[in-house]
Amino acid sequence: MTDLVTWAELGGSLTAIGGAAYARHAYPAAYWSTVGLPISAARLLASYTSTMDACGLTVEPPRWRALAIRATTRREVRPVPPRRGLIRPTSTGLRVRLRLAPGQEPADVAASAERLRHAWGVHAVYVRDIKPGVVELRLVGFDVLRKVRMPRRTPADHLRVPVALREDATAFVRDYRAVPHELVLGATLSGKSMYLRNLLTKLAAQPVALVGIDCKRGVELAPFAARFSALATDPDQAAELLPVIVKEMEDRYDLIKARQGIAPGTPEEEITSDIWGLPDDERPAPIVLFIDEVAELFLVSARKEEERRDEMVTQLIRLAQLGRAAGIYLEVCGQRFGAELGKGATMLRAQLTGRVCHRVNDEASAKMALGDIAPEAVYAACAIAAELPGLAVVGDTSGGWSRIRTPYLSLADAAATCRETAHLAPDVSALTPFRPYAPPVPVDGSGLVTVPLPVAE
């Protein structure tokens, strides 16, 4: 009987271990909440002082404290670690704040992040500067980029939309007011279109004029025509559309200049150098210009097309240099983007502050996107595997960078969102002739539903 009980207990233990191993692989979030979080929290509490000492993050205690210890306990005075705050569990990890000792800096803790990860048995450790003398450790329990689940609470505002998930389990927010123009690179099937799709649907819910240039006959952007204020599907149409956007930018500068007729006694809040300082009833709607496969605007097959190409490139450079104050923003996408495209390519790239690099076919492409702002990010971009579409390295001209991954969004769902938000498209009269035709959409059980958009002539 005892043997039967022993074998039953052993079988139950093996089943539990096997179930835990399966859950860790198939359902990492559930495994973390039930098993991983308690174990990692216990490790942190039990080994905090010794781990900090091994990482070189302890300092000699103040003299008064050392004297008090010797006087009361007569034990050896040991170095003390940074003061630890409360451990706050999250759905993806743990967060804990540390008060640094005098002489320490956040870089000291960041340099030991990999050691802390192994000591506490978590997937990754990230360090964030909260305020002088205080840092936050964000412990991530599992690979959140393997199966993307956006946080429930994501910061969103006008022209500030969450697009992807960072590797530290926070949302990557595309903020056009802070980073007005962006370059998105990626090889075929790298997830570049998915990033663009998520960005479009998030902006579609805001009163923003969306303009598209898709020289692949519109195969990427045409499904979202219901929400676009203007759409060009070949280089000839793009050559007609870009001068109109440049003229719209110039008109907006004239509006700002007229408002700047600064007279003595004018309140400071009425003095402005961009559209955001204008009154609400005078402020024109912001415009976001999406360019899919920008190389199609640069490449020419005949000498007679070179003049048209040079004009379009010049107009793009002007928009990149001057568009921010007029509320015009660029989202430039392509597979490669460098000097080999021709005159003006490097100059245009230099104006694109934000950089998103998906999987590329060669190191030179990664250097085009990230080499001039964060050289160490080039190696991270080159290491992206083909079986992880949507994974990318994002950076900006400040030199900071991180890995992100875009959640999956089907083309049908994205197109439906654009149809539902078509009424939010602001009226920009200059773009009316380029507004695309939105075909009727069949709806189950109720015939046809047409989106009330004018047909471009």
Quick one, [X] and [Y] - any side-chain contact, counting heavy atoms below 4.5 Å?
X      : Y      : answer
Glu363 : Val378 : yes
Lys216 : Asp292 : yes
Glu293 : Asp214 : no
Asp362 : Arg336 : yes
Phe337 : Leu348 : yes
Leu189 : Pro389 : no
Trp32  : His123 : no
Asp168 : Thr92  : no

Which pair of heavy atoms, one from [X] and one from [Y], lies closest together, and at what distance?
X      : Y      : value
Val208 : Val288 : CG1-CG2, 3.6 Å
Ile291 : Leu297 : CG2-CD1, 3.9 Å
Leu203 : Val161 : CD2-CG1, 4.3 Å
Phe290 : Leu210 : CE1-CD2, 3.9 Å
Phe298 : Arg309 : O-NH1, 2.8 Å
Ala230 : Leu241 : CB-CD1, 4.0 Å

Notebook entry, point to check: What pairs with Arg160 under side-chain contact (heavy atoms from CB on, under 4.5 Å), at least two apart in sequence or on another chain?
Noted result: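 Listed in chain order: Pro155, Asp157, Val173, Asp175.
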Next item on the list: With sequence neighbours left out, write down each residue that passes side-chain contact (heavy atoms from CB on, under 4.5 Å) with Leu231, or none if nothing qualifies.
Entry: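 If we apply the side-chain contact (heavy atoms from CB on, under 4.5 Å) test to Leu231, skipping adjacent residues, the hits are Leu221, Thr233, Pro436.
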Give a yes or no answer on whether the side chain of [X] reaches the backbone of [Y] with a donor-acceptor pair at less than 3.5 Å.
X      : Y      : value
Arg349 : Met368 : yes
Arg324 : Pro180 : no
Asp108 : Glu105 : yes
Glu167 : Leu145 : no
Arg227 : His423 : no
Arg355 : Ala369 : yes
His181 : Leu330 : yes
Ser33  : Ala30  : no
Arg138 : Arg95  : no
Ser40  : Gly36  : yes

Checklist line | Derivation and outcome, side-chain contact (heavy atoms from CB on, under 4.5 Å), residues Tyr195 and Val184 | finding: CA-CA 9 Å; Tyr195 178 87; Val184 183; 3.8 Å; yes
Salt bridge [X]-[Y], side-chain N to carboxylate O under 4.0 Å:
X      : Y      : answer
Arg197 : Asp413 : no
Arg117 : Glu114 : yes
Lys192 : Glu220 : no
Glu306 : Lys343 : no

Atom [atom1] of [X] and atom [atom2] of [Y]: how far apart are they, to the nearest 0.5 Å?
X      : Y      : atom1 : atom2 : result
Gln315 : Leu319 : CD    : CG    : 7.5 Å
Cys333 : Glu182 : SG    : CD    : 8.0 Å
Phe228 : Leu200 : CZ    : CG    : 4.5 Å
Ile317 : Leu322 : CD1   : CG    : 11.0 Å
Thr353 : Gln351 : OG1   : CD    : 8.0 Å
Thr90  : Leu37  : OG1   : CG    : 7.5 Å

Margin query: Determine whether Asp280 and Arg283 satisfy the following criterion, salt bridge (Lys or Arg N to Asp or Glu O under 4.0 Å), listing intermediate values before the conclusion.
Written below: CA-CA 5 Å; Asp280 294 343; Arg283 184 186 307 130; 3.0 Å; yes
Notebook entry, point to check: Can you check side-chain contact (heavy atoms from CB on, under 4.5 Å) on Leu242 and Leu289, steps first, answer last?
Noted result: CA-CA 10 Å; Leu242 285 173; Leu289 173 59; 4.1 Å; yes
Next item on the list: Please step through side-chain contact (heavy atoms from CB on, under 4.5 Å) for the pair Glu331 and Arg174, ending with a clear verdict.
Entry: CA-CA 11 Å; Glu331 201 74 30; Arg174 177 72 176 95; 3.3 Å; yes
Notebook entry, point to check: Residues in ring pair (Phe, Tyr, Trp, His ring centres under 6.0 Å) with Tyr329, at least two apart?
Noted result: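 Result, ring pair (Phe, Tyr, Trp, His ring centres under 6.0 Å) vs Tyr329: Tyr176.
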Checklist line | Stepwise side-chain contact (heavy atoms from CB on, under 4.5 Å) test for Asp236 and Arg308 | finding: CA-CA 9 Å; Asp236 292 332; Arg308 183 192 65 184; 2.5 Å; yes
Margin query: Please check if the number of heavy atoms outside Arg149 that lie under 6.0 Å from its CZ is greater than 12.
Written below: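 No, not enclosed.
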